[in-house]
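For reference, the structure discussed in these notes is given below.
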Amino acid sequence: MAKIILSREAYFHNLDIIAQKVGEVSKIAVVLKDNAYGHGLLEMAKLSQEYGVLHAVVHNIGEAKQVERYFEDILILGGHSFVCHEKYRYVINSLEQIDLMSEGLQVELKVDTGMHRNGVAMDEVIQALERLSQKGLILKGVMTHNRSADTLSSEWFWQREHFKQVKNEVLSLQKALGFETPRFHSANSAATFRFQNFDEDLVRVGIAAYGCLEMDETLAQPPLKPVLSLYAEKIATRRLKAGEHVGYNATYRAKVDETVSTYDVGYADGLLRSASGYYSTPSGVKLLGRVSMDNTTFKSSEEELCIFNDVNRYAQSAETIGYEVLVGLHPEIERVVV
Ligand SMILES: *Cc1c(COP(=O)(O)O)cnc(C)c1O
């Protein structure tokens with residue numbers, strides 16, 4: 001059976017590096033959305049708790065319910081239904097959303113400081129705060145999201161200036177509107193490593209915690225370790241004669257007689273088909289021909305193969321990013337923490 005191995009040592013190593021960067025573990029919120037980037041929601045929630053992480057970020061209420069016992073609070077990024085729960089905080093993505101929410105819900109206001117994806121515009125902040133107050137919603141945080149923190153340019157700096165303006169505006173109005181001081185946060189993984197002296201209340205780290213952060217070559221690269229490795233088991237071995245082909249549409253042709261095997265992982269498991277023919281495993285074993293739905297041929301006869309232990313290398317062969325490969329890993333593949 002294909003399986004996913006999760007390294008506790010690598011995860012804790014990454015959290016150590018992040019904690020050192022931001023000053024204290026209590027400023028880390030782990031992003032567990034989308035099955036913890038394919039790592040396994042419960043597995044990563046439990047490991048996070050074991051490390052001492054207090055805050056989590058998820059995509060929807062379904063995920064929040066599964067992990068609520070492990071954290072002090074959970075920030076819910078999306079969704080259209082809202083239940084009142086002492087640990088849940090809902091991100092406000094637009095002014096209109098405020099009208100759909102009922103009194104007593106805890107919320108964090110997202111402000112669009114330049115990414116132009118979600119959040120209220122900077123010139124809508126006052127209006128948003130007034131509406132939140134009128135509705136009896138409880139403001140727990142104010143946040144933004146960076147669009148290009150992983151590249152060296154002025155982008156990160158001007159978005160940071162915009163967020164500072166927002167922060168000052170909120171701080172000057174908050175008391176009069178009956179809110180306690182909210183937490184302020186803007187940093188995803190890449191942004192976390194752009195700070196010289198971290199001065200916000202929280203970082204929302206996903207890809208760095210999983211050890212797969214990629215920054216521009218010109219930016220300092222923290223020494224993170226990938227947490228996840230994908231393994232597959234052999235199904236069948238055969239001897240190919242020179243000139244014979246492997247798999248659908250015969251895209252691989254043996255130049256000499258050779259031994260090849262199929263392994264029990266395919267695109268139904270999340271092994272992207274676009275890497276077909278281009279990829280070699282960490283031990284240098286070549287992927288031959290096309291990735292099939294439930295199996296893939298490699299030039300090997302070993303019983304078990306490590307398909308990847310650094311997802312970014314696989315993603316590169318598939319012409320995508322590690323995030324996409326990770327979240328596509330089928331939730332039913334067994335996750336084993338070692
Ligand atoms: C996904 C997400 C993050 C985490 O991003 P990484 O690059 O994985 O660290 C942080 N904040 C928000 C709002 C997100 O949607």
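Basis for what follows: all heavy atoms, side chains included, without hydrogens, waters or symmetry-related copies. Whatever order the structure lists them in is the order used to number ligands and atoms, beginning at 1.
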In this structure, does ligand 1 have an atom that sits under 4.0 Å from one of the heavy atoms of Tyr37? yes
Which protein heavy atom lies closest to atom 7 (O) of ligand 1, and at what distance to 0.1 Å? Tyr323 OH, 2.7 Å
Can you tell me if Asn168 uses its side chain to pair, donor with acceptor, with the backbone of Gln165 under 3.5 Å? no
Count the heavy atoms belonging to other residues, nucleotides or ligands that lie under 6.0 Å from CD of Glu24, then report whether that count exceeds 12. yes
Does the Lys NZ or Arg CZ of Lys234 fall within the cation-pi geometry relative to Tyr263 - under 6.0 Å from the ring centre and within 45° of the axis? no
Check each of His59, Lys33, Arg204, Met143 against atom 14 (C) of ligand 1 and report the one with the nearest heavy atom. Lys33
Say whether Val205, considering both its backbone and side-chain N or O atoms, lies within less than 3.5 Å of an N or O atom on ligand 1. no
Can you confirm whether Ile126 sits close enough to Leu173 that some side-chain heavy atom of one is under 4.5 Å from a side-chain heavy atom of the other? yes
Top protein contact for atom 9 (O) of ligand 1, by heavy-atom distance: Ser189 OG, 2.5 Å
Without swapping roles, check the side chain of Ser317 against the backbone of Ala275 for a donor-acceptor pair under 3.5 Å. no
May I ask you to list the atoms of ligand 1 that are less than 4.0 angstrom from any heavy atom of Leu77? 13 (C), 15 (O)
Would you say NZ of Lys87 has more than 12 non-hydrogen atoms from neighbouring residues, nucleotides or ligands within 6.0 angstrom? yes
Classify the ring geometry of Tyr11 against Tyr210: parallel below 30°, tilted from 30° to 60°, perpendicular beyond 60°. parallel
Report the part of Ile207 in contact with ligand 1, treating N, CA, C, O as backbone and CB onward as side chain, heavy atoms under 4.0 Å; options are side chain, backbone, both, neither. both
Numbered atoms and elements of ligand 1 in range of Lys110, under 4.0 angstrom, heavy atoms: 13 (C)
Atom 12 (C) of ligand 1 has as its nearest protein heavy atom His145 CE1, 3.3 Å
